[in-house]
2 protein chains.
Amino acid sequence: MPPTKKSTLVLVAERAGVSIASVSRVMNGLPASQQVIERVRQAADELGYVPDATARSLKAGKTDQIALAVADVGNPVYAGMMHEISRVVTKAGYRLVLSSTGIDPHVQIDLLSSLNRGFADGLILSPLRFTEELCVQLRASRLPIVIIGSLPAGIELDNVRADSGRGIALAVDHLVEQGRQRIAFINGPVDTAPGAARLNGYLRALTEQGRPLNADAQVNASDFTYRAGLKAANALLDQTTPDAIVCANDLLAVAAMKVIFKRGLRVPDDIAIVGMDDTDIADLAQPAITSVDLRSTKRARMAAKLLLRRLENPQAPVEQVVIEPKLVVRASSVSGCAEAEL
Amino acid sequence: MPPTKKSTLVLVAERAGVSIASVSRVMNGLPASQQVIERVRQAADELGYVPDATARSLKAGKTDQIALAVADVGNPVYAGMMHEISRVVTKAGYRLVLSSTGIDPHVQIDLLSSLNRGFADGLILSPLRFTEELCVQLRASRLPIVIIGSLPAGIELDNVRADSGRGIALAVDHLVEQGRQRIAFINGPVDTAPGAARLNGYLRALTEQGRPLNADAQVNASDFTYRAGLKAANALLDQTTPDAIVCANDLLAVAAMKVIFKRGLRVPDDIAIVGMDDTDIADLAQPAITSVDLRSTKRARMAAKLLLRRLENPQAPVEQVVIEPKLVVRASSVSGCAEAEL
DNA sequence: CTGTTAGCGCGTTCAT
DNA sequence: ATGAACGCGCTAACAG
């Protein structure tokens, strides 16, 4: 169905009876005589001419594209961050190129060498695992990179992260205040950056509260997903009987709640639940789930702004931002409140 | 932190003591003598050379990028589709460029003219509303476009859509079978393509069942989101007392359920709920929500494949696929089943 | 098998 | 104010 062939600067110039330079000027709003402007505009309209983005990129040395790589587009947290980043960079005149990297670090390494081929002007990356090879590639990149999440020592990149260990502590302290005695923990894979940080936070918080560390009270889901959460929760409840469960994210939390109901137990009466990320899921759930707000949209926005800043000024000093988590209390962790909520 | 400046074919050629053509050939695996291969490889390694994507695109006349435009990245349905499309096109060697267009059709029009500037080789578009101007632009595009969703008459583009009107009918019929008498309907904006189709399906299904059409039993959320759903559900229950509610998507359904609980009513005993899209949300909810599966990932996959097909063969005949919906029954619509589920 | 050359479409000096 | 010519980095066609 293509109405006409693609037209170029040369064709417009011929039709308007001027030089290609004049056409270029008119298209870019540079000074020209009224007469030339009109003839060019008309010729361009008639031919349906639009400047070619690729040629312009080659000339300008920039693509006006920003790459975003996240582990799992299906996770509401990442979806929300993507939305926010898309908003910010679009407003600044950039397009967003998406990579769903999954868990495999090798995909991210490929992405980094692609980036050096210059398909985008910069990258926002949120890696789950840092392999040695990934770190090498990160250091070797010539293009601006902003990391969302913790950064291993020795890597000097702009980055913005939440103190998720502290977030877990907020959850544990809250549950202790609520009089809960046996506070269990459903984590994701512990060999990931967030998994490690959250485990650390759990152990430290329990210790600071003077509580014993019970190995039976901890399980690791194979993944930060709902399905993995169902298995993990079943495993946990098979081996112990907690009166509270802290979960490493909202997906795991809602899975835990589901399993609890299936076993004829009640939330929060028998078991209190706290999730993490404060996504819509936590609010949608019945009862609504108390969750640690890791400020994902704020982190996303700051990451985008950090990248835009460095794009403008590549020499800017490295900036590392830590965002403080905040506990959002809902019915799933407060006895006597669930009914009121209903 | 950039270790060295960016290097080009010329630099590598100088260092290896060969011509740029030879370097190009080696990089592309074309025949060359063993000696040249080695020298080029070494020089390239030492300089950290990687071919420039933009220059290659200009030469090849293609960007290896596919654009995807959806209304709302925050909606789990779209997130899932995005995931699937990303999977398919990545495997075919394309990158995915994301546009979150929101509701405003003008953003999509801008996108189409951008597309004609050639920043991507093709586009997958899922528009909510078709304005006249959008249709004009769609027809005028030189690049392949695949539409997800219904298409207005007179537009000949590859497209794949679900029969959502039929989906609503499945829901209504199911509720009638369950003995429900007053089947209400929470729709999204009725001036959108999906909103119109679903309203149509609701009215027809009720008529075919010989039920009266009651204006009080229908409300339109201002948006297909959870928050809009809360308002709509409250409005509905303020003006009538249904014993079943069909919702235009899962977000609206879970919102309705939340409101029902807040009012001290039970699901499904007092009011049965059916959602649409069969996202994880439906399964996560408590009780789990019966939902019409519109095969979103299948639609996404087919859309991606249609686009890839046309990219390979621009002359291929236009293909329009309609996917049949399927009802997934869960606890929210079957009396006496909710407890069993618990 | 290898080097030279001509564009891909555009922005941008230089002259005029 | 305008036009001619060059180069961004790469690939492909043509010589040799």
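Lettering of chains follows the sequences in order, A, B, ..., and the numbering in each one begins at 1.
Within 4.0 Å (heavy atoms only), B:Ala21 reaches at least one base atom of the nucleic acid. Contact annotation for A:Val10: no contact, since no heavy-atom pair falls under 4.0 Å across all strands.
A salt bridge links B:Lys6 to B:Asp52: one of the charged nitrogens lies within less than 4.0 Å of a carboxylate oxygen.
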Go through the steps for A:Arg41 and A:Glu38 under the test salt bridge (Lys or Arg N to Asp or Glu O under 4.0 Å), then give the verdict.
CA-CA 5 Å; A:Arg41 283 231 185 289; A:Glu38 294 226 353; over 6 Å; no

Kindly indicate, with the supporting measurements, whether the criterion salt bridge (Lys or Arg N to Asp or Glu O under 4.0 Å) is fulfilled by A:Arg309 and A:Glu312.
CA-CA 5 Å; A:Arg309 182 190 67 123; A:Glu312 280 184 7; over 6 Å; no

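Rounded to whole Å, the distance from CG on B:Leu9 to C1' on C:dT5 is 15 Å. In this entry the distance linking CG of A:Asp52 with P of C:dG7 reads 18 Å, nearest Å. B:Phe119 has its CZ atom 19 Å from the P atom of C:dG9, to the nearest Å. In this structure, the NZ atom of A:Lys62 is 13 Å from the P atom of C:dG11, given to the nearest Å. The nearest whole Å value for the distance from the CG atom in B:Asn28 to the P atom in C:dC1 is 16 Å.
Checking the phosphate oxygens (OP1, OP2) of C:dT2, no side-chain nitrogen or oxygen of B:Ser22 falls inside 4.0 Å. Between A:Arg56 and C:dG11 there is a side-chain N or O to OP1 or OP2 distance below 4.0 Å.
Residues meeting the side chain to side chain contact (heavy atoms under 4.5 Å, CB included) test with B:Asn313, sequence neighbours left out: B:Gln315, B:Ala316.
Side-chain atoms of B:Thr101 do not come within 3.5 Å of backbone N or O of B:Val107 as any donor-acceptor pair. For the pair A:Ser86 (side chain) and A:Met82 (backbone), a donor-acceptor distance under 3.5 Å is absent. A donor-acceptor pair under 3.5 Å is formed between the side chain of A:Ser57 and the backbone N or O of A:Ala53.
Residue B:Ile20 has its side chain nearest to C:dT5 when only C:dC8, C:dG3, C:dT5 are considered.
Along DNA chain C, the nucleotide nearest B:Leu58 and the nucleotide nearest B:Pro31 are compared for position; the residue whose nucleotide lies closer to the 5' end is B:Pro31. The 5' end of DNA chain C is approached more closely, in terms of each residue's nearest nucleotide, by B:Ser19 than by the other of B:Ala60 and B:Ser19.
Note that the first and last nucleotides of DNA chain D, 5' to 3', having any atom under 4.0 angstrom from a heavy atom of chain A are D:dA1 to D:dG9.
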